[in-house]
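To keep things clear, I will list the structure first and then write my remarks on it.
Not measured: the values here are computed from a predicted model.
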Amino acid sequence: MTRVTDKNSTVDRSSVTYFIESLPRLARLVSQRVGLIGVVIATLGCGSSSHELETAPVSGRVTLDGELLTSGYVFVTPSKGRGAKGAIQPDGTFVLGTYDSADGVQVGTHSVTINPVPRDEGDRQRERVAIPRKYSQGKSSGLTVDVQAGENNKVEWALTSNE
């Protein structure tokens, strides 16, 4: 065994040699552990989160006084969990989404509100249509949706200007 000495320390040459020879094995071990951690993190990040409640597709059409409602937003408010929303298209149709733009609504019966396009969002292609105020409030809208699991839920709401 050879000792290497400098001004500040003394080290066994065999210890240094062992350490240097162990570096590739240590690097491989660290790489394997980091790779395993990466796989676990990637797996946890895929699919639906455990906190997401079951949803089912919901789409439909809205009319106002017998005419297609050509713009606005449909909002669904569940008693617990996350609400859903969807934009009303020029043909009066909408598709609702909770976690994504079209993944549906949580299963169950929920209150619904329908609101006009906000003033700062209206443009020539998406004309702002006046919707009676009662439909923009959950307590007065009188609108509900009963979302059934495993079904493509279709809804039609016929709004009226009469209070």
Side-chain angles (χ1 to χ4, degrees), residues 24-163:
R25 186 173 35 164
L26 180 62
R28 190 172 48 252
L29 182 65
V30 169
S31 174
Q32 289 170 347
R33 298 293 186 247
V34 169
L36 179 62
I37 291 170
V39 168
V40 170
I41 290 171
T43 301
L44 291 175
C46 295
S48 64
S49 299
S50 61
H51 68 278
E52 290 183 5
L53 299 174
E54 180 183 8
T55 61
V58 177
S59 60
R61 187 173 68 156
V62 182
T63 59
L64 176 61
D65 298 326
E67 300 292 324
L68 292 175
L69 189 61
T70 58
S71 71
Y73 288 97
V74 176
F75 293 95
V76 176
T77 308
S79 59
K80 72 173 194 172
R82 185 182 240 179
K85 67 179 178 178
I88 299 171
Q89 302 304 308
D91 64 355
T93 63
F94 62 88
V95 176
L96 297 175
T98 299
Y99 302 104
D100 288 320
S101 63
D103 65 344
V105 178
Q106 292 174 15
V107 173
T109 302
H110 313 292
S111 65
V112 174
T113 58
I114 299 178
N115 296 323
V117 172
R119 291 187 194 285
D120 61 346
E121 190 178 309
D123 60 22
R124 291 180 190 176
Q125 295 155 344
R126 195 163 165 86
E127 187 176 311
R128 188 171 195 275
V129 177
I131 298 172
R133 186 178 181 95
K134 72 178 184 179
Y135 296 111
S136 67
Q137 299 170 359
K139 292 180 180 178
S140 62
S141 78
L143 304 174
T144 60
V145 61
D146 184 23
V147 182
Q148 301 296 314
E151 293 185 21
N152 272 339
N153 297 272
K154 301 284 185 194
V155 182
E156 290 208 21
W157 289 299
L159 313 182
T160 61
S161 296
N162 301 340
E163 297 278 336

Is there a donor-acceptor contact under 3.5 Å linking the side chains of Lys154 and Ser59?
yes
How far does CZ of Arg128 sit from OG1 of Thr70, to the nearest 0.5 angstrom?
12.0 Å
Tightest non-hydrogen contact, residues Gly83 and Pro78, listed as CA-CD, 3.6 Å
N/O donor-acceptor pairs under 3.5 Å from side chains in residues 99-107, not counting sequence neighbours:
| unit_1 | atom_1 | unit_2 | atom_2 | d |
| --- | --- | --- | --- | --- |
| Tyr99 | OH | Leu53 | N | 2.9 |
| Asp103 | OD1 | Thr98 | N | 2.6 |
| Asp103 | OD1 | Tyr99 | N | 3.3 |
| Asp103 | OD1 | Asp100 | N | 3.4 |
| Asp103 | OD2 | Tyr99 | N | 3.0 |
| Asp103 | OD2 | Asp100 | N | 3.2 |
| Gln106 | NE2 | Arg82 | O | 3.0 |

Taking all heavy atoms of Pro132 and all of Ser161, pick out the closest pair and write down the distance.
CG-CA, 3.8 Å
State the OG1-CG distance between Thr93 and Leu69, to the nearest 0.5 angstrom.
11.0 Å
So, applying side-chain contact (heavy atoms from CB on, under 4.5 Å) with Val62, which one of Ile131, Val155, Ile114 is it?
Ile114
Where Ala158 and Thr63 come nearest, the two heavy atoms and their spacing:
CA-OG1, 3.4 Å
With side chain to side chain contact (heavy atoms under 4.5 Å, CB included) as the test, would you mind laying out the steps for Thr160 and Lys134 before giving the verdict?
CA-CA 10 Å; Thr160 61; Lys134 72 178 184 179; 4.3 Å; yes
Going by ring pair (Phe, Tyr, Trp, His ring centres under 6.0 Å), name the pairs with one or both residues in residues 101-120, residues two or more places apart or in two chains.
none
CG of Asp65 to CG of Leu159, rounded to nearest 0.5 Å, is 8.5 Å
Check ring pair (Phe, Tyr, Trp, His ring centres under 6.0 Å) between Tyr135 and all other residues, then give those that pass, not counting sequence neighbours.
none
Backbone of Tyr73 reached by a side-chain donor or acceptor of Asn115 within 3.5 Å
no
Between Asn153 (side chain only) and Val147 (backbone N and O only), is there a donor and an acceptor less than 3.5 Å apart?
no
First locate atom CH2 of Trp157, then atom CG of Leu64, and finally report the distance between them rounded to the nearest 0.5 Å.
14.5 Å
